[in-house]
Amino acid sequence: MKKLLLGNEAVARGLYEAGVTVVSSYPGTPSTEVTEEAAKYDEIKAEWAPNEKVACEVAAGAAIAGARSFCAMKHVGMNVAADPMFTASYTGVNGGMVIFVADDPGMHSSQNEQDSRHYAKAAKLMMLEPADSDECLKFTKLAYELSERFDTPVIIRSTTRVAHSRSLAEIGDREEVKLREYVKKPGKNVMMPAMARGRHVVVEERVLAQKIYVETEALVDGINKIEKNDGAKIGVICNGISYLYAKEALGEKASYVKLGCTYPLPEKLLIDFAKDYEKVYVIEELDDVVEAHCKALGIKVIGKEIFSLLGEYSQATIRKAVLGEEFESLSADVNVPARPPVLCAGCPHRGLYYVLKKLNVFVSGDIGCYTLGALKPLGMLDTCICMGASISSLHGKNKADPASQSKNVAVIGDSTFIHSGINSLINVAYNQSNTVSIILDNSITGMTGHQQNPSTGITLKGDATAAVSLEKVCEAVGINKVLVCDPNDLVATEKAIREALEYDGSSVVISRRPCALLKTVKHNGARKVNAEKCRSCKMCMKIGCPAISMVDGKAKIDFTQCVGCDVCKQLCKFDAFED
Amino acid sequence: MVKSVMIVGVGGQGTLLASRLFGAALIKSGYDVKVSEVHGMSQRGGSVVTYVRYGDKVNSPIIEKGEADIILSFEQLEAARWLPYLKIGGKIIVNTQKIDPMSVVSGETEYPEGVIDAIKATGVKVKEVDALKLAVEAGSTKAVNVALCGVAAKMTDIPKEIWIESVKETVPPKFTELNLKAFDLGYNL
């Protein structure tokens, strides 16, 4: 039966059909839905881990125990998971293990555009790359066979357009896979120098065996495909979504090698293919991984000479670069202002940022919805590097310039704090800086679309569980000043932050109010503006609320958006906002 | 023959559900279908676009400049922003609702006047719809998306019964009635 599935749903279906029993992930766009969908199957124990390193270790342990296991992450999450991943390559598996990574060319929701294919080569792990939902499902199932056959974790790499496109996938039944017997093998599973040296030999032998597979059986398995068209003068070597763009743009004018396995790459297959064409293009988003491989083999290919290292491709990119053609298009004679994402109406981060702006502090930022506080009119972030970096990098700044300490704060969400902010806070307490860390506790992992986390007291499956007490964690690691405030109460929030800034020692302010989009949150009704009282001072416009605009010189509230958080009401000196 | 429909709007307006509704109706009609969405950041009030492509065999899931047969815009400014993606001779449906981008809210720039006229000036046929009004009539401002789908549905050759069935499958059960009403108001416009 065929079903219209999101790429990520199809991967989850593949997990179900392959008999996977253990899934552990940390959410990250565009990978999140795989784990959310996997959790809907009763047969799969699916969990949110505090971070990707933990998730990868859970999967590795489950695989050694003999189960088919899985972990998912976004590209930058693979940086966090890299430590266990590189060594799991040495131990190999018992039950099959798949590591799923979703790259984000074009950075729809990411802080960088790194190409995860480099990880496959560096960790010497086989990497499969599906192009559509049907392949997402098939490759996932095949990945478990390959994992067990070659005794290795296998990486599946997706990209935003594969992960977040719906297409038809052939669904089947679940194959129940028995827990394989665990046999104690220190030489295989205890990685210390003497054993690891032996295992490195095995890893290199495994890659050699996989190199033979990708030239031969991978064609039978439908992982690598050669598609020849009569009379075609152009040869195209491509991977993942680029294959579909190339087919759309070039159709039967070209012949194709579609690489469904981008590590290890075939050699003879590519050399033989290239011989038949006048021009051979390598079409791959992001880095020149396949191109460099071809060039090293002495194959004459055209790649990044005409294709960008940046952003996403499309059929139009390829049509233009290869054929020199562009479609005619219209444009309206009107200046269209950009529309970047904004903090939602009623977002609890808004009140906090207003106070920080008033206090004119340096803000060390982190990854989450609150990164949007960087945008105008709040414009409050000074830095944003990666998950957890707000607190640790501010500690660095405070060490470098102690005189500025009372003018600096770090902002970090509850989920990001659990992810890796805890380590950073331990560092602050241990190495003693007057760092003010503000935990923006909105009781959910917001930006990725409302996932539970260890501080919410609810599991991925929806069951009640132990909840991390943020206050107690802070106190336990050695923070002596821990304050809690409601960010929608501007006076109380300002008081708490001032107190923290003035405190001689490291401190934490927990700015606590649930995300306004949570279904469990009860809202006041939309507020109204009394136009007679409005003096057009625009104080309410300083908070960048999407529900407030100026119409004919007076503030106006969009009743479809306003949730009655009353932050604007607290700013208005003329009582113009009414219930 | 592959047809391309772009659904554009502002994060939070329900464009994702609209694309799912299209996907469901097209599958029921026996087409190969691809629907491409962007999640994450775009949920937060940003400009959002989803692509729906259908036909005998669809390759690319995305739509590029000059390729869309229909653009269904949930907001005026977004219609102008994505107009270059319309195929010459394509159709555009515009919800007359205006939502200020943050640069307008903060007073840095102004919401341009005469957006729909500027689109019409390019020679494109524009179907204007006050979908917010239809949604309110159906019982909730949140039904704007389904009302607009109703308008677009009329432009496809998919039978109404298939659309109705798809609405029932796509929307949350407790809002079925309301959404069916919104769809009907759009369809009969």
Side-chain angles (χ1 to χ4, degrees), chain A residues 3-4 6 29-30 32-33 108-109 132 160-161 164-168 241 244-245 247-249 312 314-317 319 326-345 369 372 375-377 447-449 538 541-542 544-546 548-550 558-561, chain B residues 10-12 19-20 23-24 27 32-47 51 58-62 64-67 77-81 83-88 99-112 114-115 118-119 121-124 132 141-142:
Chain A
K3 214 174 158 189
L4 189 65
L6 201 63
T29 313
T32 313
E33 300 82 5
H108 293 280
S109 304
D132 60 19
T160 302
R161 294 297 178 187
H164 286 170
S165 290
R166 289 172 196 275
S167 60
L168 290 169
I241 194 81
L244 294 170
Y245 296 152
K247 286 269 287 185
E248 182 86 28
E312 291 189 290
S314 70
Q315 56 268 32
T317 323
R319 212 179 276 133
E326 269 181 281
F327 284 3
E328 197 186 335
S329 71
L330 301 165
S331 89
D333 185 17
V334 55
N335 177 32
V336 182
R339 192 190 298 273
V342 293
L343 294 173
C344 306
C369 288
L372 295 171
L375 304 177
K376 286 181 181 174
M447 183 57 102
T448 44
K538 295 190 182 172
M541 303 299 284
K542 291 191 173 174
C545 177
I548 312 176
S549 55
M550 295 300 286
D558 174 357
F559 71 94
T560 65
Q561 292 198 62
Chain B
V10 178
S19 66
R20 268 166 220 169
I27 288 291
D32 183 26
V33 180
K34 285 191 178 165
V35 180
S36 189
E37 312 162 348
V38 168
H39 304 189
M41 280 283 212
S42 54
Q43 292 177 0
R44 311 285 174 255
S47 169
Y51 309 108
V58 181
N59 283 307
S60 172
I62 66 169
E64 265 286 1
K65 283 185 180 166
E67 293 184 348
L77 210 50
E78 295 311 309
R81 186 187 316 280
L83 180 65
Y85 285 73
L86 193 67
K87 187 184 274 182
I88 303 296
I99 299 174
D100 288 345
M102 195 42 68
S103 57
V104 173
V105 171
S106 64
E108 264 177 88
T109 176
E110 287 188 357
Y111 195 104
V115 173
I119 296 172
T122 64
V124 172
L132 190 58
T141 55
K142 291 201 171 130

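The structure displayed is predicted, hence computed values, not measured ones. Below, all heavy atoms of this structure are taken into account, side chains as well, without hydrogens, waters or symmetry copies.
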Just how far is it from atom CG of A:D132 to atom CG of B:N59, taken to the nearest 0.5 Å?
9.5 Å
Test your reading of the model: is there a side-chain donor-acceptor pair from A:R339 to the backbone of B:I99, 3.5 Å cut-off?
yes
What part of B:Y51 is in contact with chain A, defined as an atom under 4.5 angstrom from a non-hydrogen atom: side chain, backbone, both or neither?
side chain
With respect to chain A, which residue among B:V124, B:L77, B:I62 yields the maximal number of heavy-atom pairs within a distance under 4.5 Å?
B:I62
Using side-chain heavy atoms (C-beta onward) and a distance below 4.5 Å, is B:E110 in contact with A:N335?
no
Residue from B:T141, B:V58, B:T109, B:V33 scoring the most non-hydrogen pairs under 4.5 Å with chain A is B:V33
Select, from A:S549, A:A345, A:S167, the one with the greatest count of heavy-atom pairs under 4.5 Å involving chain B.
A:S167
Check each atom of A:L168 against the heavy atoms of chain B and say whether the ones under 4.5 Å are side chain, backbone, both or neither.
both
Which pair of heavy atoms, one from A:Y245 and one from B:P61, lies closest together, and at what distance?
CE2-CD, 4.2 Å
Checking A:L375 against chain B: side chain, backbone, both or neither under 4.5 Å from a heavy atom?
neither
So A:P377 and B:M102, do their side chains get closer than 4.5 Å, heavy atoms only?
yes
Between B:R81, B:K65, B:K34, the one whose heavy-atom pairs under 4.5 Å with chain A are most numerous:
B:R81
Among B:V115, B:I119, B:L83, the one residue meeting side chain to side chain contact (heavy atoms under 4.5 Å, CB included) with A:V334
B:V115
For A:E248 and B:E64: C-alpha separation, side-chain torsions, deciding distance, then whether side chain to side chain contact (heavy atoms under 4.5 Å, CB included) applies.
CA-CA 11 Å; A:E248 182 86 28; B:E64 265 286 1; over 6 Å; no
Chain B contact via A:Q561 - which portion, at a heavy-atom distance below 4.5 Å:
side chain
Taking every non-hydrogen pair under 4.5 Å, which of A:R319, A:Q315, A:E312 racks up the most with chain B?
A:Q315
For A:P546, is it the side chain, the backbone, both, or neither that has a heavy atom closer than 4.5 Å to a heavy atom of chain B?
both
Let's test your reading of the structure: which of B:T122, B:L132, B:L86, B:V104 forms the most heavy-atom pairs below 4.5 Å with chain A?
B:T122
Decide yes or no for A:P337 and B:P112: does some side-chain heavy atom of the first lie under 4.5 Å from some side-chain heavy atom of the second?
yes
Under 4.5 Å heavy-atom distance to chain B, tell me which part of A:C369 shows up: side chain, backbone, both or neither.
side chain
Looking at every heavy atom in both B:P101 and A:A338, which two are closest together, and how far apart are they?
CB-O, 3.5 Å
Assert top hit (heavy-atom pairs under 4.5 Å, partner chain B, pool A:K3, A:E326, A:E328) equals A:E328
